[in-house]
Novice: 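Below you will find the structure I want to go over with you.
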Amino acid sequence: MSFLRLLARNRLALAGLVVMACVCLLALVTPLLPLAAPDITDTGNRFRPPFSEGALLGTDHLGRDLLSRLLWGTRLSLAVGLAAAVTAAVLGAAIGIVAGFYGGRTDNLIMRGVDMLMAFPYILLALAIVAALGPGLMNALIAVAAVNIPFFARNIRGVTVGIAHKEFVDAARLSGMSDLRIVLTEILPNVVPVIVIAMSTTVGWMILETAGLSFLGLGSQPPVADLGSMLGEARAALITSPHTSVVPGAMILVIVMAINLLGDGVRDALDPRLKSGALNRPLPATQVARDAPVPAAQGGAALLSIDGLKTEFRVKGRVYRAVGGVDLDVRPGECLGLVGESGSGKSVTALSVMGLVASPPGVITGGSVHFDGQDLIGARYETLRRIRGDRVAYIFQDPQATLHPLYTIGTQLVEAIRAHHAVPRAEARARAVDLLGAVRIPNAAARIDSYPHELSGGMRQRVGIAMALANDPDVIIADEPTTALDVTVQAQILALLDELRRARGLAILFITHDFGVVAQLCDRVAVMYAGRIVETGPTDAILSRPAHPYTARLMACVPAPGGGRRRLATIPGLPPSVDDLPAGCAFAGRCDLVQDTCRRGEITLDPLTADRAVRCPTPLRAGAPAS
Amino acid sequence: MGSYILTRLLSAIPVLLGLSVIVFLIMAMIPGDPATAILGSYATPENVAKLNRDLGLDKPLVQRYFIWLGNMLQGDFGRSFSLNRPVLDEVAERFGATLVLAGTAFVICSALGVAAGVVSAARQYGAADKAITFAVLLGISIPSFFLGMMMILIFAVNLRLFPVSGMWPIYGARDAAALLRHLTLPALALSVVATGVIARLARSAMLEVLRQDFVRTARAKGVHERGVIWRHALRAAMVSIIPVLGIQAGFVLSGAVYIEIVFQWPGVGRMLVDAILKRDILLVQGGVVLVAACYVMFNIAVDVAQSLLDPRIRT
Amino acid sequence: MTPALRLTDLSKTFDLGKRLIGPPRARVRALQPLTLEVPSGETLGIVGESGCGKSTLARMLVGLLEPSTGRIEIEGAPLDRADPAAFGRRIQYVFQDPISSLNPRKTIRQIMEAPLRHLHGMTRAARAARIAEIFAAVNLRDAFLDRYPHEFSGGQAQRIGIARALAAEARILILDEPVSALDVSVQAQVLNLLADLKTQFGLTYLFISHDLAVVEAVSDRVAVLYFGSVVELGPAERIFARPRHPYTRLLADSAPVVGRRLAAPEGRETELPDPLNPPTGCAFRARCPRASALCATVPALRPDGDGTEVACHHPLDPEQG
């Protein structure tokens, strides 16, 4: 089973598992071992040190054998801790699922009750319960379980709310399932991993808590002892006979630590977010591991010259070649469109330029990016940082997620300016107001103190554009800047971008999946498929007479408005996975003009006319003069 | 902002009422009758009945609750029979000592925990991260009472660096230096678990935030990595760290019970345990209600801090 | 002939900031009262931008949301109670996000069997036969049945979603942005499949999308929604080519099209009105170049020749194009 395999891969968790297995085994066989009776007092032999004759770990203040008491105490502590954890988890999860699934008033009432219980520091509630029920191990168990129910309930409710709003739950309703059946077959299987995670990470804590109540004399009552009450009894003799304290204390430490290690392993193995590798922090700049010689800049007049760029993602032993050797030139003042479907590598190309690909798992493995004559791949972090946002700026797709939610847009604009220019705050702020005016945000002087959530999507994207313009960059890389917007807003943003670039002589690398957008905005276009550029040239030429079969067929798939009701052209099959690319042309499997040469060797991007190139051995009657 | 604080304060009223109901009900569950407990088992039935009447115990439960609540609101929490003094006086005196201990521990664990978590996340998989992760694992696995005992053994008994127990020296001046010497070991012992929990959470919150798009935006703007970590990522991570600080404050307050016993600290936790063992119900009741009420107020302060940080909550 | 679907004064108001007792803090009208008929066998396209109420409408039509007012009739029989199981046999839903509409912890077979068991109480053998039949219709291999949803691409997952909707044997399908999560090359495959299924099973579609070109390519008639109201309803081949409502015109002009120069269709930087503070009169008038004093009153949706209905005091001239 994959869960066990994942768990076993985690060496620390495995160590915890081994230790826990040993402790549990010892606890199980304790009654069978030839041990002294744990509760027989022998005051003549009080406080004998460890390794004494007949008492391996010594004796306590009543002359009882410590080893025997330790094993019996462990047995008791484990049993009580586990019982409390299971009780709290089951009851808490049940409450949480009911509240989360039904929502509304039920949820409101239950969660107010839970909040009420959580308003107590937990020990006060536990003490009150023990005070009412009287000291005793069973009552301590009830108290610890009761105190932990609200934590489980709240946690599980949160998860349940998330799942109950998933579309598959709606689909189950439409399939005629009853609420009970939906809870049992749709919700529960998705919540169980969370319950297991919550339990495995809190069992250790529960054992500590029950031991604590016993330590206070409110749990197990003499002569029976769990680990906590052993410590409590030993406290009086802490200074004279420390071993009576150290023995049970160390045992608790070992057990809880093993459980915590195991719990973390269980969490890592079950957490769906960790499925594709651990939760990694992206480094300040993408890692670079180039083994081949660095290509020189090819494009003579280019401002930004990308040559042979290769970027891959290394996830769990698999290598995804997202960008497999891309050449692009952005010339001063031009808008270059980079078009492709999802997974074609267009965004990764854009992010690689300034080392913004999340790394790990991203690695740039080859090629160069020359800006102003300097190779940026493998450049020092400080060099990159100075260029980012100052000479080369980015506009990202989703303006909701790309602005910091807790700072005003003014603060964020001022920061963008002051990251590169030591200007006084007031001056930077005045410039920020100008920028907001330049992207036509109405009433800029007042809007500058708004938080991103107070703006609409279109306004947020204008802020994103203003931020990119902050330091008058030479190149703007726009990564699907209008994809998340509605059409009428998209039209406004595109018009704004077009106007700004003409007024300021900006060069733009515009990444999109939409041919319509490319047609309206870009001077030249490059089409990407499976990590390679398959065709490049002037926009009008490519859109009117595509040379690569992929370009042609992709454009045919897009329904153009005004065509009325009709059957759409399709491309059969799916793009190949970039961790398993075929030899030759990646499109060969879906191409109706495929020939034997298409499946062999490296297919190069060959010039077709002076300003066009195509990666295809048999391009469509391209290059012919426009008729 | 003012109206937000006001609504939060008003919303505390039902919580406090609910809290008093829970305490009252738990205490009403206690088997046997308090009059017998107070007068002893040799009391005549007439005397028991009279005391029950005097205590109002012959009235229906709901009526008793409102009488009890009314008395509390007037500051009358009854008298502790074991200490023979008003509950309120005793709790107020003891709670001061607990606040000094728990407050110090809370400051230590918040500062240390958040800092350790941020460093650990920023240096993920580095030596600092591994060291912190191991220390945190040890910290959350060790029982605080055992840790306290070991600290006494090592730092007080063997090395003689700190006093063994108590809040003040038996002889000598009760000044800040004396308090600090007495406070060091218990406050450290008390803060260890919470530091671990906070550091863990801060690390994972930071890792989560560092993957967000707005962090990439900050980097694309050319913000220095220091600013990216401490200004952009930590600020956003604090949104999920602050509620945990509130919860951990409750855990520190709870852990103080053990530490007060181990270090003979004259706090409210030790008082409560003694009162339970002596079945001094009024003292338990009063102590629980007062401490819990303070904790509710503290949590309101946490919510207000959260709203200062996150503009999305305020509106 | 009875229409497949008839909506009478259907509307939805959401309560915001619900309290434990007492009235909510605010009410938002997500959908203005809507009256609509969809003849059997038609594909009615519904177009609008985010927040226009198109998803609210869709969720009411399948019983996932209870209407605030109005009634839904399917083939002449009313369905007023929001009970998805009662709706399920007669009207089904295809979700926007194909992956998240499939429970990650169930096999495709378990997912496909649910409607057959719970809506039709079929035996095991009957279910297997029916699933095989449906899978053949949507071009999916039987081998997929024992796999889990995460093993499929978006396009395959959407076929599974369509297969599940077909399994309920409903005659009406609500398609809520069924291709907007897919790439264009895959999108075309799914759209053609939907067209084939419609002929094969005699279905009626309500096709919701934000993409004008897609809606136009699949629909018989199109309804344009703006801020919770239908502003124009007309034949698909005409509505974007010769719009009558200024908003339809704006939508048509905003869509980026190969071979048309970029021009800002709107001079002003205006956006959707605030639902918490709705405008009086025509919701579009603040953005409308033809707005006049008359527009302070809400225009009703009224017939305007050749099967068109438009809600505007100053409709565009149909001959202008």
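Any value given below was found using the heavy atoms of this structure, including those in side chains, with hydrogens, waters and symmetry copies removed. Letters go in sequence order (proteins before strands), and every chain restarts at 1.
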Novice: Relative to chain B, which of V246(A), I259(A), D390(A) shows the most heavy atom pairs under 4.5 Å?
Specialist: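 The answer is V246(A).
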Novice: Taking the six-membered ring for Trp, are H232(B) and Y407(A) parallel (under 30°), tilted (30 to 60°) or perpendicular (over 60°)?
Specialist: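 H232(B) vs Y407(A) ring planes: tilted.
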Novice: Answer with side chain, backbone, both or neither: which region of A121(B) has an atom nearer than 4.5 Å to a non-hydrogen atom of chain A?
Specialist: backbone
Novice: Looking at D264(A), I387(A), I395(A), I255(A), which one has more heavy-atom pairs under 4.5 Å with chain B than the rest?
Specialist: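 Max contact count across the listed options: D264(A).
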Novice: Check each atom of V284(B) against the heavy atoms of chain A and say whether the ones under 4.5 Å are side chain, backbone, both or neither.
Specialist: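 The side chain, not the backbone.
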Novice: Do the ring planes of F106(B) and F298(B) sit parallel (below 30°), tilted (30 to 60°) or perpendicular (above 60°)?
Specialist: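 Perpendicular: the ring planes of F106(B) and F298(B) meet at over 60°.
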Novice: Is chain A contacted by the side chain of V15(B), its backbone, both, or neither, given a heavy-atom distance below 4.5 Å?
Specialist: both
Novice: Just checking F151(A) against W205(A), ring centres under 6.0 Å apart?
Specialist: no
Novice: Side chain, backbone, both or neither: which part of I142(B) has a heavy atom under 4.5 Å from chain A?
Specialist: both
Novice: What part of M354(A) gets within 4.5 angstrom of chain B, counting heavy atoms only: side chain, backbone, both, or neither?
Specialist: neither
Novice: Name the region of A358(A), side chain, backbone, both or neither, that has any atom closer than 4.5 Å to a heavy atom of chain B.
Specialist: neither
Novice: Anything under 30° is parallel, anything over 60° is perpendicular, the rest tilted; go ahead and classify Y258(B) against F215(A).
Specialist: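 Correct class here is perpendicular.
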Novice: Given a strict heavy-atom distance threshold of 4.5 Å, which part of I276(B) is in contact with chain A: side chain, backbone, both, or neither?
Specialist: side chain
Novice: Looking only at non-hydrogen atoms, find the nearest pair between H420(A) and R385(A) and report the distance.
Specialist: CE1-O, 3.2 Å
Novice: Using the test side chain to side chain donor-acceptor pair (under 3.5 Å), find all partners of D280(B) that sit at least two apart in sequence or belong to another chain.
Specialist: S80(B), S82(B)
Novice: Can a side-chain donor-acceptor contact be found between T411(A) and T408(A) if the only test is distance below 3.5 angstrom?
Specialist: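 Yes - a donor-acceptor pair under 3.5 Å links their side chains.
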Novice: Do you know which of P14(B), S144(B), A293(B), P143(B) has the most heavy-atom pairs under 4.5 Å to chain A?
Specialist: P143(B)
Novice: Which bit of E209(A) is near chain B, if near means a heavy-atom gap under 4.5 Å: side chain, backbone, both or neither?
Specialist: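 Contact with chain B is through the backbone of E209(A) alone.
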Novice: Identify which part of M150(B) has an atom lying under 4.5 Å from any heavy atom of chain A, answering side chain, backbone, both or neither.
Specialist: side chain
Novice: With a 4.5 angstrom heavy-atom cut-off, which part of R203(B) approaches chain A: side chain, backbone, both or neither?
Specialist: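 Neither the backbone nor the side chain of R203(B) comes within 4.5 Å of chain A.
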Novice: Looking at chain A, which one of V296(B), L153(B), V157(B), I247(B) has the largest number of heavy-atom pairs inside 4.5 Å, strictly under?
Specialist: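 Of the options given, most contacts go to L153(B).
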Novice: Output the option from L216(A), L117(A), I252(A) having the highest count of non-hydrogen pairs under 4.5 Å with chain B.
Specialist: L216(A)
Novice: Salt bridge check: are R8(B) and D303(B) linked by an N-O gap of less than 4.0 Å?
Specialist: yes
Novice: Based on non-hydrogen pairs under 4.5 Å, which of A119(A), P121(A), G389(A), P405(A) is most in contact with chain B?
Specialist: P121(A)
Novice: Could you look at L218(A) and say if it's the side chain, the backbone, both or neither that has a heavy atom under 4.5 Å from chain B?
Specialist: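 The side chain, not the backbone.
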Novice: For the candidates T402(A), L124(A), I417(A), which exhibits the highest count of non-hydrogen atom pairs separated by less than 4.5 Å from chain B?
Specialist: T402(A)
Novice: More than 12 heavy atoms of other residues, nucleotides or ligands under 6.0 Å from CZ of F134(B): yes or no?
Specialist: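 Not more than 12 within 6.0 Å, no.
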Novice: For D398(A), is there an ion pair with R460(A) - N to carboxylate O distance below 4.0 angstrom?
Specialist: no
Novice: Is it the backbone or the side chain of V252(B) that comes under 4.5 Å from a heavy atom of chain A, or both, or neither?
Specialist: neither
Novice: Within the 4.5 Å heavy-atom criterion, are R94(B) and R270(B) side-chain neighbours or not?
Specialist: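 The answer is yes, as the side chains (C-beta and beyond) meet within the 4.5 Å cut-off.
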Novice: Verify the distance criterion only: is there a donor paired with an acceptor across the side chains of E480(A) and S347(A) at less than 3.5 Å?
Specialist: no
Novice: May I ask you to name which of G212(A), A419(A), G204(A) has the most heavy-atom pairs under 4.5 Å with chain B?
Specialist: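 So the answer, after comparing G212(A), A419(A), G204(A), is G212(A).
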Novice: Taking side chain as everything from C-beta outward and backbone as N, CA, C, O, which of these in I207(A) sits under 4.5 Å from a heavy atom of chain B? Side chain, backbone, both or neither.
Specialist: neither
Novice: Of the listed residues (V223(B), V273(B), V228(B)), which shares the most heavy-atom pairs with chain A below a 4.5 Å separation?
Specialist: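 That would be V223(B).
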Novice: For F120(A) and Y122(A), I'd like to know if the aromatic rings sit close, meaning centre-to-centre distance below 6.0 Å.
Specialist: no
Novice: Which atom pair, heavy atoms only, marks the closest approach of A256(B) to T98(B)?
Specialist: CB-CG2, 4.4 Å
Novice: Counting only heavy atoms closer than 4.5 Å, note whether L277(B) contacts chain A via side chain, backbone, both or neither.
Specialist: side chain
Novice: Counting only heavy atoms closer than 4.5 Å, note whether V262(B) contacts chain A via side chain, backbone, both or neither.
Specialist: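 Both parts, backbone and side chain.
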Novice: Any Lys/Arg nitrogen of E415(A) or R418(A) sitting under 4.0 Å from an Asp/Glu carboxylate oxygen of the other?
Specialist: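 Answer for the salt bridge query: no.
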Novice: Do the numbers put R312(B) on top of the ring of Y451(A), so that NZ or CZ is under 6.0 Å from the six-membered ring centre and no more than 45° off the axis?
Specialist: no
Novice: Heavy-atom pairs under 4.5 Å with chain A - which of V21(B), V257(B), L147(B) has more of them than the others?
Specialist: V257(B)
Novice: Is E225(B) close to chain A through its backbone or its side chain, or both, or neither, when contacts mean heavy atoms under 4.5 Å?
Specialist: both
Novice: What part of I261(B) gets within 4.5 angstrom of chain A, counting heavy atoms only: side chain, backbone, both, or neither?
Specialist: both
